Amino acid sequence: MSDNIKHATFLTVEKKFRQGEVVVAILEAYQIVGAEHQNRILAVVKSGSSSALFSFDCYNYPPINLSDLHITSVLPINETFLIDNSTAGYGVSSHQFQIMSGNENLTYYYYPDEETLRSKEVFEKILKRLIQEYTEENGDFSWLQAYKSSDFTEIDYNIASNKFPPKNRESKFREELERRKPEYTMYEPYKVYCATWNVNLNQPVEDLSLRELLFTTNDAPDIYCIGLQEIDMSAETIIKSETRPDYNWIAKILEGAHPSDIYEELVTVRLVGMMLTILVKKSIRSSISKICTSMVGTGTLKFGNKGGVGASFQLNETCLCFVNSHLAAHVQEFERRNEDHDEILRRMQFNDGFKSRNILEHDQIFWIGDLNYRITIADDDQIKMFCSYDKWFYFDQLHIEKQKKRVFRDFQEGKITFKATYKYDPGTDEWDSSEKSRAPAWCDRIFWKGSRIEQLAYNSIMQLRMSDHKPVYGVFISYILTRDEQKFKKIHEEVLKTVDKFENDNQPQLVVAETDLDFGIIQYHEHYSRELLVANNCHLPAHFKFLPKSSDNQRNEREKVCEDWIKISHPKGELLTGNSLSIRIDIFIDEIAAPEIMKKLCDAKTGVKGPLDILVLHIENGRDIFITIFGEYQPSVFGLRLDTLMKLNKPVLEYSLKELNEIECDVNNLIPFYNSAKGPREIYLMIDYLYRNGLNIPHLFHVLRKHRLSPRICAIRDWLDTWSVEPFPGTPQTAAEVLLKIFESSPEPLVTITERELSIYLPNFERCRELVQNKIPLLNRKIFLYLIMFLKEIQRNYMTNGMDDRSIAKIFAPALCRHKQDQLSQRFLLLFLSNDIKEFAKIEFDKN
Amino acid sequence: MANNQRGGGIQRPNGATQNKICQFKLVLLGESAVGKSSLVLRFVKGQFHEYQESTIGAAFLTQTVHIEETAVKFEIWDTAGQERYHSLAPMYYRGAQAAIVVYDIQNQDSFVRAQTWVKELQRQASPNIVIALAGNKADLAASRAVDYEEAKQYADENGLLFMETSAKTAVNVNEIFLAIAKKLPKNEGTGPQQNIRPSGNETNRTSGNCCSK
Ligand SMILES: Nc1nc2c(ncn2[C@@H]2O[C@H](COP(=O)(O)OP(=O)(O)OP(=O)(O)O)[C@@H](O)[C@H]2O)c(=O)[nH]1
Ligand SMILES: [Mg+2]
């Protein structure tokens, strides 16, 4: 590059960087990517004491705008950095060099002119100096982070190294959206109000108000979670495992909620005596989804007189769980209580129809209830006197068990400042005065688990006296992850773009050495093959297959990958990164293919050397590559119509495709038969030769013809196609084979009588003779009779050649009639072989 | 955006976004060297290559655009323009909901070829296909051979979207894709992944937080 341009380029490159990042040197080079050579500008950039090499794709040369340059790679100049000229020279350009750092290994070469050579030397010197300067202390490469994001091709190295299967779009999308969650979400405070009360079988009588329990704060809570126990413990309820909510209590709860807002019942779940009701402010209802409930009955009978009920829902982006439980009773049964707790934890599952989650799989959990843990100390009276929890928590079974991590592991509880909530004489604030005189205990509790929860209050309500328990409430500020819809929309859009980019960048790719395969001259009955080299230079495994091409709908053909006479060695396959495969494409024109290819060439009208076919190489989840098959088919007498053969007045090779085509299309026989004999020259030559040399050859015609493909066929093909004056180059057997092949390769069968017609007229010879007369055109009729006369001659020499009329019919019926099944055509031939046809033939031969 | 696709759903207080994704197959057709690949490259990667290789096959890329509340994902098939591959084109426009037929404004023949592509699409492609005509290389208007008015009139007569574009300067590239996205039907079941999540729970009446896909 001239100095001017170089300077301009330098200035543009500089603009790509921030203050404090100094462009030390630039070099223009090509990067070798697969089979491509891409324009690059390399730049060495220093920031503080560390430096890096940047490789830019250059869309406009010289680059003027920032958008003309895109970063393709960033290589920190650290201990792994290497510039290597050693690969150069071995069959590759001596101007090639490699740059390596970390996992990357890039190959470049530079313009082989003096000037660039000099700049390259300078560039390399600078690089080498920087490599030497590198030490671990000055290797702070965090400044590179800014250049590593979106500008880059996003290659998933996990896939590249085959560690993971390629991610699908879906999971990439979710992953990306999740990763960027902090950008479109924030925490918003919600007030959660929990209350638990063992109502001791009391009905919600008319003059009961829950205001005292539920309206203790100035601000209206957003969510109420009210857990009751022992609303009904009748035998009937227990046996039925009653789950219908008790609407009397729900009505009381709704009445008791904070008066300055409107609440609605979100969900209620009940099991026998336990009921959990969630109220929410009407205004937040629409932010709630995935509401589901669950219940677990514990104890030996699992009827549900003990156990837990729970509710789960999602508020904005946070999953919340509320559990109300009533655990086993009696002082000494603390281990049963632990088991009940564990069982609830284990068995309680919330299923929203998509996903099932257990209690702990929630962001925030509130667990309330009559947990029934007692104070274990001999002297009950002492507790009654000092009812502050401070004195007794050492003896609180729940405290002890939690300390031992046997229950409520990782749950938190607020400081208890209220009197024991059990057991009172109903209607009073007096301790149990009954005979049992139960020791007081803090049975009714509120626990929570999860981050961003603050407790504001934790207290009991002494004034509610109808039960032997006092109710307990807890008030919380709970920070709920909430989506900012505006931001979310923007990020959602960006994520979709990232996913597009991911998808586009992680497309498997294959390179083929060439997209045109030229087979040169193609002759009848020769094998040709070409190799198609396919390589996977991308970072993903690639599955490929050749696609069937849609044919025009009108013709109703089956969809084919290629013409029947082309064979592909690997119609599909897989190529791992770095691997290559040579796919062999074979062409063989046999007697079936010969008329097909003639027809195709004539239809295409592109001249002899047009594309013969196009293969569609499809890479799964990627692009398609078209492979064009070229070849020059050399028409031969094989594959031509029998009447065409009659119209040739010089060797077939001397005709142009166009001329041949005209003759082939001349079905109305406007072009005179050049050859006025009984049949085409080729048939005549074969039969004549066999008359003279073949009648006594054992098994002249062989039933198992597939095994007799002879290379001499090709010599005979040339001999026929050139009207050679040399002696016949084959043997009687090959002449016999060629005779059959001429019949087999003509576009239409010699005997143009259908199976159906035969089925009507067989076995009557006279009627069949009429059929021949009426249904077979004169030319074919002559050839047919001529052939039959010859075959009768073979048959006559049965004693020496072993060919009886049955085997002759068996061999010739398919070649002459081409019916789906050969029984009828064989019988038809037998009829002609066994009857006298001399007179018939004589009359026909004389016709013109 | 309508908030009641679940029947009487309540809108989220802070303005619900229902993120719907519609997916469409789009194919580019047109004579070789008119700039099909360049248009796709510009649209998908924001790049332009002076020496864009001729496409021998069909390249596949995706790009999502947003119209109001709807994300429209284009699955783009960039086809080979060389005449010898003409017979393979149906494989790519079959089932396409949209097509961009491209010509080079400097080349009258390419415009004629574009018209035969349009005819073929009208005859053989899906009946509802949205077709856009792009007169590319608008940056080279100095050597223009196809009149804007002439092309515009042709497009109007045939109900095609029409723009003169430049893959090089990016003029009208995003615009033509957006115009197609706008014209495509987005409510009916387009593509395999319409993005409304079925509600699993009867009580679940919210319209918001189903993350789209
Ligand atoms: N000035 C200018 N050149 C363009 C524009 N679009 C494409 N080109 C150039 O035109 C040439 C052909 O562009 P391609 O995108 O390869 O054309 P194509 O239609 O994909 O061609 P095929 O793949 O052969 O069908 C390339 O050299 C491009 O750089 C344009 O808007 N302005
Ligand atoms: Mg192209």
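Here is how names work: the chains are called A, B, and so on, in the same order as the sequence lines, proteins then strands, and each is numbered from 1. The shown structure was predicted, so the numbers you read here are calculated from the model rather than taken from an experiment.
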| query | Under the side chain to side chain contact (heavy atoms under 4.5 Å, CB included) criterion, do A:Asp505 and B:Lys45 qualify, and how do the steps go? | reply | CA-CA 10 Å; A:Asp505 289 344; B:Lys45 299 195 174 164; 4.3 Å; yes

| Given a strict heavy-atom distance threshold of 4.5 Å, which part of A:Glu493 is in contact with chain B: side chain, backbone, both, or neither? | both

| said: Let me confirm one number: the CG-NE2 distance from A:Asp57 to B:His49, rounded to the nearest 0.5 Å. | reply: 5.0 Å

| Is A:Asn504 reaching over with its side chain to a backbone N or O of B:Leu61, donor-acceptor style, under 3.5 angstrom? | no

| note | OH (B:Tyr85) and CG (A:Asp624) are apart, to the nearest 0.5 Å, by 12.5 Å

| B:Glu83 atom CD: more than 12 heavy-atom contacts under 6.0 Å | yes

| task | Starting at NZ of A:Lys489, measure out to NE2 of B:His66 and round the result to the nearest 0.5 Å. | result | 8.5 Å

| remark: Closest non-hydrogen atoms of B:Ala80 and A:Phe626, given as atom of the first, atom of the second and distance, are CB-CE1, 4.0 Å

| So what's closer than 4.5 Å to chain B heavy atoms on A:Val499: side chain, backbone, both or neither? | neither

| message | Within this structure, what is the CD-CZ distance for the pair A:Glu503 and B:Phe60, rounded to the nearest 0.5 Å? | response | 6.0 Å

| message | More than 12 heavy atoms of other residues, nucleotides or ligands under 6.0 Å from NZ of A:Lys487: yes or no? | response | no

| message | Salt bridge or not between A:Asp516 and B:Arg84? Use side-chain N to carboxylate O under 4.0 Å. | response | yes

| query | Do any N or O atoms from the side chain of A:Lys497 and from the backbone of B:Thr64 form a donor-acceptor pair under 3.5 angstrom? | reply | yes

| query | Do B:Asp78 and A:Arg623 touch side chain to side chain, with heavy atoms closer than 4.5 Å? | reply | no

| Which value, rounded to the nearest 0.5 Å, describes the distance between A:Leu547 atom CG and B:Leu88 atom CG? | 10.0 Å

| remark: Residues passing the side chain to side chain contact (heavy atoms under 4.5 Å, CB included) test with A:Ile262, sequence neighbours excluded, are A:Lys282

| note | Among B:Thr62, B:Thr79, B:Val65, the residue with the most heavy-atom pairs under 4.5 Å to chain A is B:Thr62

| So which part of B:Tyr51 gets closer than 4.5 Å to some heavy atom of chain A, the side chain, the backbone, both or neither? | neither

